[in-house]
Amino acid sequence: MQLLLIHSDYIEYETKKKTPVAEEIEPSLKRGGMEDALTAFVAVETYDEPDPDRTAQNAAAEIKKTAEQVKTGRIMLYPYAHLSSELAKPSVAVDILKQLEEILSHDYEVARAPFGWYKAFRISCKGHPLSELSRTIRLGEGAEGAEGAGRDRSGERGGEDERAKTDKKEIVSEALKSEEKAVSHWHILTTDGELLPTDEFDFAKHPDLKRFLDYEVSKSRAVDRIPPHVELMKRLELADYEPGSDSGNMRFYPKGTLVKRLLEDYVIDTVAKRGAVEVETPVMYDVNHPTLKKYLDRFPARQYSIESDKRSFFLRFAACFGQFLMNHDMTISHRNLPMKMIEMTRYSFRREQHGELVGLRRLRAFTMPDMHTLCSDMESAIAEFKDQYAMCMDVLADIGLADDYEVAIRFTRDFYTENRQFIEELVKIVDKPVLIELWDSRFFYFVIKFEFNYIDAMNKASALSTVQIDVENAERYDIKYTDKNGENLRPTILHCSPSGAIERCIYALLEKAYLTSESGAVPSLPTWLSPTQVRLIPVAERHLKYAEEILGALVGVRVDIDDREETVGKRIRAAGREWIPYVVVIGDREVESGVLSVTVRSESRKVEETAQELRNRVASVTAGMPYRQINLPVMLSRRAVFFG
RNA sequence: GCCGCUGUGGCUUAGCUCGGUAAAGCGGCUGAUUCGUAAUCAGCAGAUCGUGGGUUCGAAUCCCACCGGCGGCUCCA
């Protein structure tokens, strides 16, 4: 709720015209006023909807406090929508206003201007120092906090944080917030194990860490420019906005779909090698399910909801629900632990604020690998955590982002005290200083988490990989395993997204490529992700047949043939604009000699090699990574244009 | 809700100040060219200029309302 409090000599209003949301009023209320009163302009917001009673109580307390300070016994409640951009439903707003009136009327003379009318009003402000005040009343952490430290800290797993936060936090008014707020302490932990306050650390050699810190702590401002990757995703025919859907729901063209599938394959393969099993769970859940209901009621605005046949569902924002419900029904022995389960959530849904949606960086529907590991106890959870931390490093390196992220580790003070050495080890493993956020007490469902954050050209940080140790949800979902004494115990649960959202990986790769081109080098995608790996350009029609032979020889490589009737120069240029790593021009010379002239994009030079050598070259740079065949007609003349 | 920016062929944009029903490049199609490492030449098709009103003999252009997109918006105004 937003409050604007004005100590006024007088306030008068007159209703003019109804709006569609107007409350019915008696004629006597059509005009009104009050002398020597505290006028409270009120905007009820969506944040207030989960708990109107508490909102009214907190607001009343705030108004009383001010009324006492300015020593007035009269209060005018005046609904004023223009104080907020996140207005609550009118019914809730009226309810809260009436409650406020009721509460305040015990101690004050209270008048209330009608809701939902265009009103003319005159007010005279006394003008002394306390005569103009504004207040924000928030359930939970509060607007400023929500935009700041809490935002995006878990990357694509953030929704879970949000719920936990509200669980733990009481309704807090602006005045009390500073005392009750989850206090974050920011530090840098160096590779030598030194925990330094951020202002004592020398960032000279770590500019990206500095940018990350700035983003986290001081929240850099939005930049009013289309992010580079948005243009690239379109131009490379990877993905695009879909005007026929809700914002933040993308369409993926064939090339983008291929890239996405390859990344998905890679993540699934990687965790499967470490024993994870793949599952699939529903995308929507009953809002009235007993285990889920109490959390969801609190965040109606953040989910997509679906009405179907008198029942209400919400769209999942991670795979936790489905997997935990599955775990709940399973019979699990200590012999099965640690037990890993992964789902490539297509999709996870989050109704992010409009202003936050950008290209592939932040979406309302996104694909996230979500793995949960049940561990017998904290000790085993810590061992797993370390394992998965190292795995995430490998994953980002394989994806092509080896040196492109900054690390944040966040934990409670208790956890730190007990596991100091473990945390220092984590820093040694990445071998660079790490941003530390330390909480005095646990406000979330986890005791420790880390993320690897990509920092883009506009200084925006986005979480990719993350792992958290969850000490609450086993209880909440009643998940248990049987130990060797036949006793039922609660497992400790790890949440892990090895790569973070797949779309976000693509975003990071494109942003990185953009930076590369800005610095004067050639931008590209890793070869294993390139939609076309080898482009064959037959000089004239008579070379086409030979080109097809070469294509046949390049087994296990994504090859296509630009058979369009265009000049060689033009087709070379087209291949370059598509970032194709290897371009082969095939003419009389090649047909005669059997040797190919291969332009290697990454080295900007030509090499002479046979088809077999080229095949080996591609195989060696893509070794160990997934392969899928080309996802478009091999002949370019057969391809339609998807964009532009 | 308020403020700002914005909406012209598939794409990128010009035209809008000072009204005369639309221009270019890319892409597409047709034809010529069969070509050796970042754009061959010529022609054709393709736009009720976001929507609805208004002013006017005449509106992409001026006015009003609405819709969509992007960004911003409390306590100093």
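Chain letters run A, B, ... following the sequence lines, proteins first and then strands; every chain starts at 1. All figures in this text were calculated on a predicted structure; none of them were measured in a lab.
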Using the P atoms only, state how far C11(B) lies from U55(B), rounded to an integer number of Å.
34 Å
No-hydrogen, no-angle side-chain donor-acceptor test under 3.5 Å, R361(A) and S462(A):
yes
More 5' along RNA chain B: I586(A) or R564(A), using each one's nearest nucleotide?
R564(A)
Report the distance from atom CG of L536(A) to atom C1' of G36(B), rounded to the nearest whole Å.
15 Å
If you take the centroid of each ring, where Trp contributes its six-membered ring, are Y78(A) and F121(A) closer together than 6.0 Å?
yes
In which stems does RNA chain B show up, taking only runs of three or more Watson-Crick or G-U wobble pairs whose two distances fall under 3.5 Å?
B:1-7 with B:67-73, B:10-13 with B:23-26, B:28-32 with B:40-44, B:50-54 with B:62-66
Show every side chain to side chain donor-acceptor pair (under 3.5 Å) that has at least one partner inside residues 634-644 of chain A, sequence neighbours left out.
D560(A)-R639(A), D563(A)-S637(A)
Among U34(B), U37(B), G36(B), the one nearest any side-chain atom of T599(A) is U37(B)
Rounded to whole Å, the CZ-P distance (F41(A) to U74(B)) equals 17 Å
Out of G36(B), A38(B), G27(B), which nucleotide sits closest to the side chain of V641(A)?
G27(B)
Rounded to whole Å, how long is the line connecting atom CZ of R535(A) with atom C1' of U37(B)?
14 Å
Answer yes or no: is there a side-chain heavy-atom contact under 4.5 Å between R535(A) and D562(A)?
yes
Between N249(A) and Y241(A): side-chain donor-acceptor atoms closer than 3.5 Å
no
So which protein nitrogen or oxygen atoms get under 3.5 Å of nucleotides 9-13 of chain B's nitrogens or oxygens?
| unit_1 | atom_1 | unit_2 | atom_2 | d |
| --- | --- | --- | --- | --- |
| G10(B) | N2 | G644(A) | O | 3.1 |

Can you name the residues that form a ring-ring contact (aromatic ring centres under 6.0 Å, His included) with Y253(A), not counting sequence neighbours?
F642(A)
P-based separation of G46(B) from C41(B) [nearest Å]
24 Å
Interatomic distance at P, C66(B) relative to G28(B), whole Å
42 Å
Rounded to the Å, how far apart are R362(A) CZ and G71(B) C1'?
17 Å
Smallest heavy-atom separation, P79(A) atom then L97(A) atom, equals CB-CD1, 3.9 Å
Closest approach to the side chain of R589(A), judged atom by atom: which nucleotide of U34(B), U37(B), G36(B) is it?
G36(B)
Please give the distance between the P atoms of G15(B) and U34(B) as a whole number of Å.
42 Å
Rounding to a whole Å, what distance do you find between I6(A):CD1 and U74(B):C1'?
12 Å
Which value, in whole Å, describes the distance between the C1' atoms of nucleotides G69(B) and G43(B)?
37 Å
List the protein contact pattern of nucleotides 39-45 of chain B with one symbol per nucleotide (5' to 3'): B for base contact, S for sugar-phosphate-only contact, - for none; contact means a heavy-atom distance under 4.0 Å.
BB-----
Any side-chain heavy-atom pair of L38(A) and R74(A) under 4.5 Å:
no
G50(B) and G7(B): how far apart are their P atoms, nearest whole angstrom?
8 Å
Give one of base, sugar-phosphate or nothing for V568(A), where a contact means two heavy atoms less than 4.0 Å apart.
sugar-phosphate
Tell me, please, which residues at least two apart from Y582(A) pass ring-ring contact (aromatic ring centres under 6.0 Å, His included).
none
Report the distance from atom NE2 of H543(A) to atom C1' of U37(B), rounded to the nearest whole Å.
15 Å
Using the C1' atom as the reference point in each nucleotide, state the distance between C35(B) and G68(B) in Å, no decimals.
47 Å
Electrostatic pair E566(A):R571(A) at N-O distance under 4.0 angstrom:
no
When you get a sec, tell me which of U34(B), U37(B), A38(B) is the closest nucleotide to the side chain of R601(A)?
A38(B)
So, for F41(A) and Y80(A), is the gap between ring centers shorter than 6.0 Å?
yes
Could you tell me how far G54(B) sits from A60(B) if I compare only their P atoms? Round to whole Å.
15 Å
Between T367(A) and E503(A), a side-chain donor and acceptor under 3.5 Å:
yes
Hydrogens and angles aside, do S8(A) and T39(A) bring a side-chain donor and acceptor to less than 3.5 Å of each other?
yes
Reckon E590(A) touches a base, only the sugar-phosphate, or nothing at all at heavy-atom distances under 4.0 Å?
base
Closest nucleotide of RNA chain B for L4(A) versus for V598(A): which of these residues is on the 5' side?
V598(A)
